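Notes follow once the structure below has been shown.
The structure displayed is predicted, hence computed values, not measured ones. Counting starts at 1 for both ligands and their atoms, following the listed order.
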Amino acid sequence: MSSNNGSSFQIKPGGVISGRITVPGDKSISHRALMLGAIAEGETRITGFLQGEDTLATANAFQQMGVEIENDGKLVWINGVGLNGLKKSSNSIDLGNSGTSVRLMTGLLAGQNFDSELIGDKSLMTRPMLRVIKPLRSMNAEISCTERGTLPINITGKNQLQGIEYELPVASAQLKSCLLLAGLYAEGTTSIIENQATRDHTERMLSTFSHPITRNQNRITISTAERLIGTDINIPADFSSAAFFIVAATIAPGSDLVLENVGINPTRDAMLKIMELMGADIELENKREQSGEPVADIHIKSSELHGINIPEELVPVAIDEFPVIMVAASCAKGETRLSGAAELRVKESDRIQSMLDGFIATGVQAEDIEDGMIIQGGEFQGGEVNSHGDHRIAMAFAVAGLVAKESIVVNDCENVATSFPGFVELAKKAGMDITYA
Ligand code: S3P
């Protein structure tokens, strides 16, 4: 197998992970800051913004709809147009690889008085969209997609949305956020019932933009917005990007690493709990709050891990971290069982299948089940892995390379730029022997 689609990584075994590093800004929060900043009144200034392809796709989309956004690589400045100030884009809006952009924006655009067409790359064009389209239709939105329930999505923006009460059939923050954004424009109130916790960045940020939602146990209610007010937002480092280094420093003997200024929102941080159950040595230092989000420095020392049954209630709150948690499980003593994670099959790739393929290629014993994986801890032999164009699969196997017997080459790594620009450089700085192959 060789790469014929973008760059490859080569990782040689033996690095020690140490020092203090800062991973790029949080992807989920960056998307939301752009979206709310665009439809707020007045200026919004964002620091710590993720300069990744996914979040830049969201920025481009709003520029296409007439929003003035300046980005000098450090500060993103938005001149908000107000709730009804967006303009129809003259072209289809291409959201690249970004599921968050398309699902959240479908909700937001359903409330506009102009038509929009949303498209994306090969991976995004296959991902399920009916989960957002169906409840939006019951809010009186007019939306079409393919028969398979995929992009392109066409939104006819002429209908007045109506508030609904909706119980989420899947634990998805993208779906919840889509409906909250539509709820800003709906007549009456929109209530969402979530039976499993999912990330709550939208709820927190609506409050930062002066339109608080109410939460009563697992019921979240939003009322029609009169206005959002532009604000300054300082985005923490992305916990999901930090996760690669949490596992790297845990499995590479002799490691001692501090990850600075990482978001530790309780609806995102279950991977810490999972790693602790496996025996990891992780301390949270300097806990504080920043722009409505909890933040800390994460201190990791290497340790021996043991296999566990991953508690199902932790799955939605650690959903993006499973590729690298599975790598940790491969280095643990004994068996690790993951179930209740069927959502992994509809991410940027089928992450259960992509991880299984990589395990087979590198000599780890694992077996897939419909909604998870059973992994026998052991040793990576080394070999060549296909990331299936999925950023998190690519970075997970790069981490595995630290402790393999021979080098691991990961192919098709171009999409690492969607969430983690500068990954290779930062991994080198932290002590990994990683190069572009
Ligand atoms: C996200 C929610 C999750 C996550 C994705 C980002 C968000 O997706 O996997 O990377 O920003 O709301 P789902 O809502 O589909 O679980």
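- Within the 4.0 Å heavy-atom cutoff, Lys176 does not count among the residues contacting ligand 1.
- Within a 6.0 Å sphere centred on CD of Glu425, other residues, nucleotides and ligands contribute more than 12 heavy atoms.
- Within 6.0 Å of the CZ atom in Arg131, the count of heavy atoms belonging to other residues, nucleotides or ligands exceeds 12.
- Within the listing of ligand 1, atoms 1 (C), 6 (C), 7 (C), 11 (O) sit less than 4.0 angstrom from a heavy atom of Thr100.
- Atom 10 (O) of ligand 1 has Asp320 OD2, 2.7 Å as its closest protein atom, hydrogens excluded (heavy atom only).
- More than 12 heavy atoms of other residues, nucleotides or ligands lie within 6.0 Å of CD in Gln160, so this atom counts as buried by the packing criterion.
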field: Intermediate values then yes/no, side chain to side chain donor-acceptor pair (under 3.5 Å), Tyr436 and Gln10
entry: CA-CA 6 Å; Tyr436 291 103; Gln10 178 172 35; over 6 Å; no
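- Remark: ligand 1 and Glu343 share no N or O pair separated by less than 3.5 Å (distance only, no angle test).
- Evaluated for a side-chain contact (heavy atoms from CB on, under 4.5 Å) with Met326, the options Ile393, Val247, Leu344, Thr336 yield exactly one hit, Leu344.
- Outside the 6.0 Å centre-distance limit, the rings of Phe244 and Phe397 are not counted as a close aromatic pair.
- Looking only at heavy atoms of the protein, atom 11 (O) of ligand 1 is closest to Ser28 OG, 2.7 Å.
- Atoms of ligand 1 found under 4.0 Å from any heavy atom of Ala173 (numbered from 1 in listed order, with element): 12 (O), 14 (O).
- Residue Glu285 places its CD atom among more than 12 non-hydrogen atoms of other residues, nucleotides or ligands, all under 6.0 Å distant.
- Taking only nitrogen or oxygen atoms, main chain and side chain alike, Leu175 does not reach within less than 3.5 Å of ligand 1.
- In the displayed structure, Glu370 atom CD is contacted under 6.0 Å by at most 12 heavy atoms of other residues, nucleotides or ligands.
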- request: Assess whether side chain to side chain donor-acceptor pair (under 3.5 Å) is satisfied between Ser123 and Glu348, documenting all intermediate values.
  value: CA-CA 6 Å; Ser123 151; Glu348 286 82 330; over 6 Å; no
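- Residue-ligand proximity, Ile319 to ligand 1, at heavy-atom distances under 4.0 Å covers atoms 9 (O).
- Some N or O of Gln174 is nearer than 3.5 Å to an N or O of ligand 1, by distance alone.
- Some N or O of Lys347 is nearer than 3.5 Å to an N or O of ligand 1, by distance alone.
- Using a 4.0 Å cutoff on heavy atoms, His201 does not count as a contact of ligand 1.
- Scanning the protein heavy atoms around atom 12 (O) of ligand 1, the nearest turns out to be Arg32 NH2, 2.6 Å.
- By the criterion of a heavy-atom distance under 4.0 Å, the side chain of Arg199, and not its backbone, is placed next to ligand 1.
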